[in-house]
Asks: 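One structure follows; several queries about it will come next.
Hydrogens, waters and symmetry mates play no part in the numbers below; they use all other heavy atoms, side chains included. Residue numbers run from 1 in the order of the sequence given.
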Amino acid sequence: MAKIDTPLTPGENPRWTKKDFKHATHLPGLNLTDAVAAVRRGRGPQVKPKKVAISIRVNPKVVEYFKADGPGWQARMETVLMKASGIKN
């Protein structure tokens, strides 16, 4: 079943197929409200964050340059900064 962002009304809910039931997950000990919250919550916080969130001001042309190649622009920018600083990954 596809992930949805907004709840469906009973008339909009698609009928489950045998395949849907086969791939469904049972969350023992949780009521429906808690189960839905657990699924929507997704991944929890990292034990040891691998990166530090910062705020930095750069020339808009720099951001445009990295964003031009699409998703992953922040990682590409990080790679350039690491190379320029001599840091090895």
Asks: Let me check something: do Ile87 and Val80 share a hydrophobic cluster, defined by ILVMFWY side-chain heavy atoms less than 4.5 Å apart, either directly or through other members?
Replies: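 No; tracing contacts between hydrophobic side chains, which count when under 4.5 Å, never links both residues.
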
Asks: Do Ile56 and Trp73 share a hydrophobic cluster (ILVMFWY, side-chain heavy atoms under 4.5 Å, transitive)?
Replies: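 Yes: a chain of side-chain contacts under 4.5 Å links Ile56 to Trp73.
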
Asks: If I compare all heavy atoms of Arg76 with all of Phe66, which pair ends up nearest, and what's the gap?
Replies: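 So the two residues come closest at NH2-O, 2.9 Å.
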
Asks: What distance do Lys67 atom NZ and Gln74 atom CD have between them, rounded to the nearest 0.5 Å?
Replies: 8.0 Å

Asks: If you measure from OH on Tyr65 to CE on Met77, what distance do you get to the nearest 0.5 Å?
Replies: 10.5 Å

Asks: Identify the heavy atoms of Arg15 and Asp20 that sit nearest to each other, and give their distance.
Replies: O-OD2, 4.0 Å

